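Reviewing the structure listed below.
If you're wondering where the values come from, they're calculated on a predicted model, not measured in any experiment.
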Amino acid sequence: MDTPLSTIAVVGLGTMGTGIAEVLALAGREVIGIDISEAAARQAVTSLEASTARAVGRGRITEQERAEALARFRTSDALAAAADAELVIEVVPESYELKQQVFRELDAIVPPTAILATGTNALSVTRLAAESQRPERVLGLHFFNPAPAMKLVEVVSSVLTAPPAVEAVTRLARELGKEPVAVGDRPGFVADGLLFGYLNQAAAMYEANYASREDIDAAMKLGCGLPMGPLALLDLIGIDTARTVLEAMYSASHDRLHAPAPVLGQLSEAGLTGRKAGRGFYTYEAPGSQTVVPDALTPSAGAAAGEGRSIASVGVAGSGTMASGIAEVFAKAGYTVVLAARGQEKADIAKGRIAKSLERSVAKGRLTAEARDETLGRITAAGSLDAFAEVDLAVEAVAEDLEIKQQLFAALDKVCRPGAVLATTTSSLPVVAIARATARPEDVIGMHFFNPAPAMKLVEVVRTVLTADDVHATVRAVCAKIRKHPVDCGDRAGFIVNALLFPYLNNAIKMVEEHYASLDDIDAAMKLGGGYPMGPFELLDVVGLDVSLAIEKVLHKEFRDPGLAPAPLLEHLVAAGCLGRKTGRGFREYARR
């Protein structure tokens, strides 16, 4: 059953179908583009001509290769044109009725050896295959948008799919320069299965007025290195499409994390489906445009945060990597810094770490020797919190333990002068519980820096119900001076980034527990299909499995959602002492240094 797949039909010439046709034609395949809309077919030809012209202009292909690719592409408005195709890829709208009709008609048209592939990312491949007279030749072939650029292709087998058919399309994907990942038949497969749960939670976070759309998107881009924020991505995908995918996922999983946030339904019913409609979570210059224009929800660029307090000196409590990084950030920005640890020796070691960091910056040409010396000269290492007596802002970066932080803030309350702002860098603990350890909770706020602090631009500014307005304004102004991007959020577990990131990581672990996909395939899928800088298991091993488990437990305790319960595999690995790179073994094994 060796199928060469040299003649391929693409049914549905929307953005995805046209992109797939381009990839196939450039790879030397004869391509028949089929769409009942003559306008769509004409647009596909125009798009292919334009995109290949750009490729020539950029030196990616020659003019001759362009001419040959265009000659290999023809269009039709009838499925009968697929009669000689060895592979048919359908990418019509996400509707069982529509896709099943296409498959039934193709049964009577294509040869018995032809493979029928669905491009669905939400519907059951098995259910579609069962409607065909040749279920063993039906599978899923899920490209990602834009198809010419995105490397990932998910090859989806149902229980009915014959292995030779899978082998043939997997070989084709590699010949197209793609990275095929073999997955089973469940809604969302790997990449969308993880991505859409995260997008849904972001929509729910916005709907709850927990944070603005701009802050949610900025937090995930700057805090996780993602190419787009979740709400902007929903607008790009299409809010109606996202809702359809989530409905399919929820019907299969009954996991509340997949139950579409009501705002998705409201926007869909109103026709506000994202970029294609000109309005979704954001407003766009025109339907189909990627240019965001101001609307009633756009924050004013000149909006004043209010009058803040004067900050000239900063105290940083702690001796670890985060404390050193924060102290370095403030000193570089011109603040006088006191770095206090439990004992002078620990403080001196922490300052030494800063000296090495600054030296690396000098070696890389990012900092002058003079600036290095001036920065280091602004930092005083102290063995006691008593050195914070005159600081204007005290920032703690000690262990993520509520009791330890409360004891520290009780001490700061006694040491720091009246009017000093007291900030905690906690990533998961209730800031108000820390604030109540002082007699001045109105002066306490969260400043969640990300590691490594000198490099990461994001700071989550966490205001409690007791935080004073001028304290909030002060911290916003300080963030601007130290060249960080502040995002405002309320005092609840995980804030923005961790509340969206860790359920996604937890769901990836569950996929492995269920033997749905391998670590390597999941990591590859999220990097290639989702644009993530690291796969979930790479990230878990870097963060530390013990840290990840602690955050998962906090989120589960706060929101009481069964879907947030830590995956048993994560708990077992932590119990076994497999904590990630720091111990040499986590989800993967690492060479000991």
message: Under the rule for side chain to side chain contact (heavy atoms under 4.5 Å, CB included), what residues qualify as partners of Val263, not counting sequence neighbours?
response: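 Expected list: Ala203, Glu207, Ala261, Gln266, Leu267, Phe281.
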Look only at the side chain of [X] and the backbone of [Y], and say whether a donor-acceptor pair between them is shorter than 3.5 Å.
X      : Y      : value
Arg560 : Lys557 : yes
Glu460 : Val497 : yes
Gln201 : Leu257 : no
Arg440 : Asp413 : yes
Thr161 : Ser158 : yes
Tyr516 : Gly184 : yes
Lys351 : Ile379 : yes
Asn506 : Ala567 : yes
Lys178 : Ala147 : yes

Just how far is it from atom [atom1] of [X] to atom [atom2] of [Y], taken to the nearest 0.5 Å?
X      : Y      : atom1 : atom2 : value
Glu513 : Ile509 : CD    : CD1   : 7.5 Å
Leu505 : Leu549 : CG    : CG    : 12.5 Å
Asp521 : Phe189 : CG    : CZ    : 14.5 Å
Glu214 : His485 : CD    : NE2   : 9.0 Å
Leu152 : Met526 : CG    : CE    : 9.5 Å
Thr424 : Phe409 : OG1   : CZ    : 5.0 Å

- prompt: Could you walk me through whether Phe196 and Asn200 pass the side-chain contact (heavy atoms from CB on, under 4.5 Å) check?
  reply: CA-CA 6 Å; Phe196 277 87; Asn200 192 40; over 6 Å; no
Whether the [X] and [Y] side chains hold a donor-acceptor pair (N or O, under 3.5 Å, no angle test) is what I'd like checked.
X      : Y      : result
Thr241 : Thr244 : no
Ser428 : Glu400 : yes
Thr464 : Thr467 : yes

Closest approach of [X] and [Y], non-hydrogen atoms and distance?
X      : Y      : value
Pro454 : Val329 : CA-CG2, 3.6 Å
Phe388 : Ala394 : CD2-CB, 4.1 Å
Ala122 : Ala248 : O-CB, 3.1 Å
Pro562 : Arg256 : CD-NH1, 3.9 Å
Ile239 : Leu264 : CG2-O, 3.6 Å
Phe144 : Gly529 : CD2-O, 3.7 Å

task: Quick one: sort the His254 and Tyr250 rings into parallel, tilted or perpendicular, breaks at 30° and 60°.
output: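 Perpendicular: the ring planes of His254 and Tyr250 meet at over 60°.
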- prompt: Would you call the rings of Tyr504 and Tyr532 parallel, tilted or perpendicular, where under 30° means parallel and over 60° means perpendicular?
  reply: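 Judged by the thresholds at 30° and 60°, the geometry between Tyr504 and Tyr532 is parallel.
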field: Intermediate values then yes/no, side-chain contact (heavy atoms from CB on, under 4.5 Å), Leu199 and Ile237
entry: CA-CA 11 Å; Leu199 295 177; Ile237 292 167; 3.8 Å; yes
Can you find a heavy atom in the side chain of [X] that is under 4.5 Å from one in the side chain of [Y]?
X      : Y      : value
Val487 : Phe495 : no
Thr426 : Val431 : yes
Glu538 : Val542 : no
Leu139 : Val169 : yes
His448 : Asn498 : yes
Arg342 : Ser319 : no
Asn121 : Glu94  : yes
Ser313 : Val338 : no

Can we say [X] and [Y] salt-bridge, meaning some charged N sits less than 4.0 Å from an Asp/Glu carboxylate O?
X      : Y      : value
Arg127 : Asp185 : no
Asp523 : Arg588 : yes
Glu396 : Lys405 : yes
Glu328 : Lys332 : yes

- request: Show your working on side-chain contact (heavy atoms from CB on, under 4.5 Å) between Leu569 and Phe587 and close with a plain yes or no.
  value: CA-CA 10 Å; Leu569 178 57; Phe587 283 98; 3.9 Å; yes
- request: Apply the side chain to side chain contact (heavy atoms under 4.5 Å, CB included) test between Val183 and each candidate in Val155, Val156, Val125, Ile522; give the one that qualifies.
  value: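 It is Val156; the other options fail the test.
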field: With Tyr335, the side chain to side chain contact (heavy atoms under 4.5 Å, CB included) member among Val391, Ile482, Asp392
entry: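 Going through the options one by one, the only one that passes is Ile482.
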- prompt: Would Arg186 and Glu514 satisfy salt bridge (Lys or Arg N to Asp or Glu O under 4.0 Å), going step by step from the backbone distance to the final call?
  reply: CA-CA 12 Å; Arg186 73 184 219 181; Glu514 295 163 5; 2.7 Å; yes
task: Please test Met447 against Ile326 for side-chain contact (heavy atoms from CB on, under 4.5 Å), starting from the C-alpha separation and ending with a verdict.
output: CA-CA 11 Å; Met447 283 185 78; Ile326 293 171; over 6 Å; no
task: Please name all residues satisfying ring pair (Phe, Tyr, Trp, His ring centres under 6.0 Å) with Tyr210, sequence neighbours left out, ordered by chain then number.
output: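 Testing Tyr210 for ring pair (Phe, Tyr, Trp, His ring centres under 6.0 Å), a comparison that skips the adjacent residues, returns none.
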In terms of heavy-atom contacts, does [atom1] of [X] have more than 12 from other residues, nucleotides or ligands at under 6.0 Å?
X      : atom1 : answer
Lys553 : NZ    : no
Arg436 : CZ    : no
Gln344 : CD    : yes

- request: Scan Arg353, Arg372, Arg366 and name whichever one has a salt bridge (charged side-chain N to carboxylate O under 4.0 Å, His left out) with Glu359.
  value: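 Checked Arg353, Arg372, Arg366 against Glu359; only one passes salt bridge (charged side-chain N to carboxylate O under 4.0 Å, His left out): Arg372.
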